[in-house]
Protein chains: 2
Amino acid sequence: MIFTTKAEYGVRLLVELGRQANDAPVALKTIAENEGLPLAYLERIVALLKRADLVESTRGAHGGYRLAREPEKVTMDEVVLALEGSVAPMSCFVDESDDTRVLCSHVDDGEACATKLLWLRVQGGVIEALRRTTLAELVAFSAKQDVAQSDQTLGSALPLQSTA
Amino acid sequence: MIFTTKAEYGVRLLVELGRQANDAPVALKTIAENEGLPLAYLERIVALLKRADLVESTRGAHGGYRLAREPEKVTMDEVVLALEGSVAPMSCFVDESDDTRVLCSHVDDGEACATKLLWLRVQGGVIEALRRTTLAELVAFSAKQDVAQSDQTLGSALPLQSTA
DNA sequence: CTTAATCCTACCAATGCGGTAGGAGAAACC
DNA sequence: GGTTTCTCCTACCGCATTGGTAGGATTAAG
């Protein structure tokens, strides 16, 4: 069970934005360079965040993106939902309509499969974990990481960017 | 985020075995027909369960598979681990060694990415949900489904707990 | 010795993922 | 006004994985 890089990159992008205290927009190019991620791909990802009103943009020179809310008010369930489309442990769990309907292809219509109970619990566990994590927490976490890194050997920090 | 059909089919297979009270082996063909799943594919899946000592087999005519343990003692974290190889919310979370090492390709060696905290929590939520679900529960659940189906021709009597 | 089952391995089509390319609009700055 | 620097949009593409198939070898019951 795995999230795609959309979630990974999107969350990283938001963390980068969250680290900026001021409300000056940040260009995607800056973020791409900071994180070592492909710019063109990030563009498509940030579009998802904008569509979900998690991010605001200003076009033109000196433009870029900023958070639409304070990091404390951004929970990860919203973020991952915007990026991945759904939080479903099984393909038949993807909710087409607005209610969380279970559509399992291998069972009679309207019937639940034997594994419904299990996947519901897993889904609940994931959503709960996502919801209790805010962007502010991740920003603070990454800041702590930075301190730890700069405390250690600065020179021997391998520039191991696997960016081909 | 999605599990593959290996987990789905594998759990269903175990539920089918769990429904048999006696210890007579059940042929895969029977299970395939009951569940409407491709036999050849099930063969590969049940091999994973056998390798993890969740299932025992007897070859030859009148052979088949049976549970290696009572359903009460089979927890789903073991099952999913055997079927999917790992329970990792992100590709860099796949543990190659025995400890749960985080190997993130986009960060310096030994360093955690900004999203480590998040994926750790998600992974924890999933594993906890899996661990507290036993095969016996799923067997009982599927039995209840059967009763509901034969009683009222429409099994919507289940209190589907939404994203609470 | 036929039949019914587990085993094993190679193969294959489709899908989705991660990434690229090439532009068209919009605003700042000279 | 033109250039630069951004956001935006859409089409395309290689590749790995998934789900499934094929074909056979092995084992045991009757």
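Throughout, a chain's letter reflects where its sequence line sits, starting with A, and its residues are numbered from 1.
Between atom CD1 of residue A:Ile45 and atom NZ of residue A:Lys6 there is a gap of 7.5 Å, rounded to the nearest 0.5 Å.
The distance from atom CD of A:Glu8 to atom C1' of C:dG18 is 13 Å, rounded to the nearest whole Å. Look at CZ on B:Phe3: it is 19 Å from P on C:dG16, rounded to the nearest Å. Between the CG atom of B:Leu39 and the P atom of D:dT21 there is a distance of 10 Å, given to the nearest Å. The interatomic distance linking B:Lys6 (NZ) with D:dT18 (C1') rounds to 8 Å, in whole Å. Atom CD1 in A:Ile31 sits roughly 13 Å away from atom C1' in D:dT7 (whole-Å rounding). Separating the NE2 atom of B:His62 from the P atom of C:dT6 is a distance of 13 Å, rounded to the nearest angstrom. The interatomic distance linking A:Glu33 (CD) with D:dT5 (C1') rounds to 13 Å, in whole Å. At whole-Å resolution of the value, CG in B:Leu28 and C1' in C:dA4 are 13 Å apart.
With axes fitted over five pairs at each extremity, the angle between the ends of the helix from C:dC1-D:dG30 to C:dC30-D:dG1 is 0° (10° resolution).
Proximity of A:Leu117 to A:Arg121: side-chain heavy atoms (C-beta onward) are separated by under 4.5 Å at one or more points. Counting heavy atoms from C-beta on, the side chains of A:Lys116 and B:Phe141 come closer than 4.5 Å. B:Leu130 is not listed as a side-chain neighbour of B:Val79, based on a closest heavy-atom distance of 4.5 Å or more. Side-chain contact check for A:Leu42 versus A:Ile31: some heavy-atom pair is nearer than 4.5 Å. Taking the side chain as every heavy atom from C-beta outward, A:Arg12 and A:Glu16 never approach each other to under 4.5 Å.
For the pair B:Thr5 and D:dG19, the criterion of a side-chain N or O lying under 4.0 Å from OP1 or OP2 is met. For the pair A:Tyr9 and C:dG19, the criterion of a side-chain N or O lying under 4.0 Å from OP1 or OP2 is met.
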Which pairs would a plain distance check flag for residues 60-78 of chain B, meaning a side-chain donor or acceptor within less than 3.5 Å of a matching protein atom at least two apart in sequence or in another chain?
residue : atom : partner : partner atom : Å
B:Arg66 : NE   : B:Asp23 : O            : 3.0
B:Arg69 : NH1  : B:Lys73 : O            : 2.9
B:Arg69 : NH1  : B:Glu78 : OE1          : 3.1
B:Arg69 : NH2  : B:Glu78 : OE2          : 2.7
B:Thr75 : OG1  : B:Asp77 : OD1          : 2.5

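Residue B:Ala27 is classed as a sugar-phosphate contact, given heavy-atom separations below 4.0 Å to backbone atoms only.
When the nucleotides C:dT6, D:dT5, D:dA28 are ranked by their closest atom to the side chain of B:Tyr65, C:dT6 comes out on top.
Side-chain atoms of B:Glu8 do not come within 3.5 Å of backbone N or O of A:Thr115 as any donor-acceptor pair. Remark: the backbone N or O of A:Thr134 is paired with a side-chain donor or acceptor of A:Glu137 at under 3.5 angstrom.
Near DNA chain D, meaning a heavy atom under 4.0 Å from it, residues 41-59 of chain B has B:Tyr41, B:Arg44, B:Arg59 in order of number.
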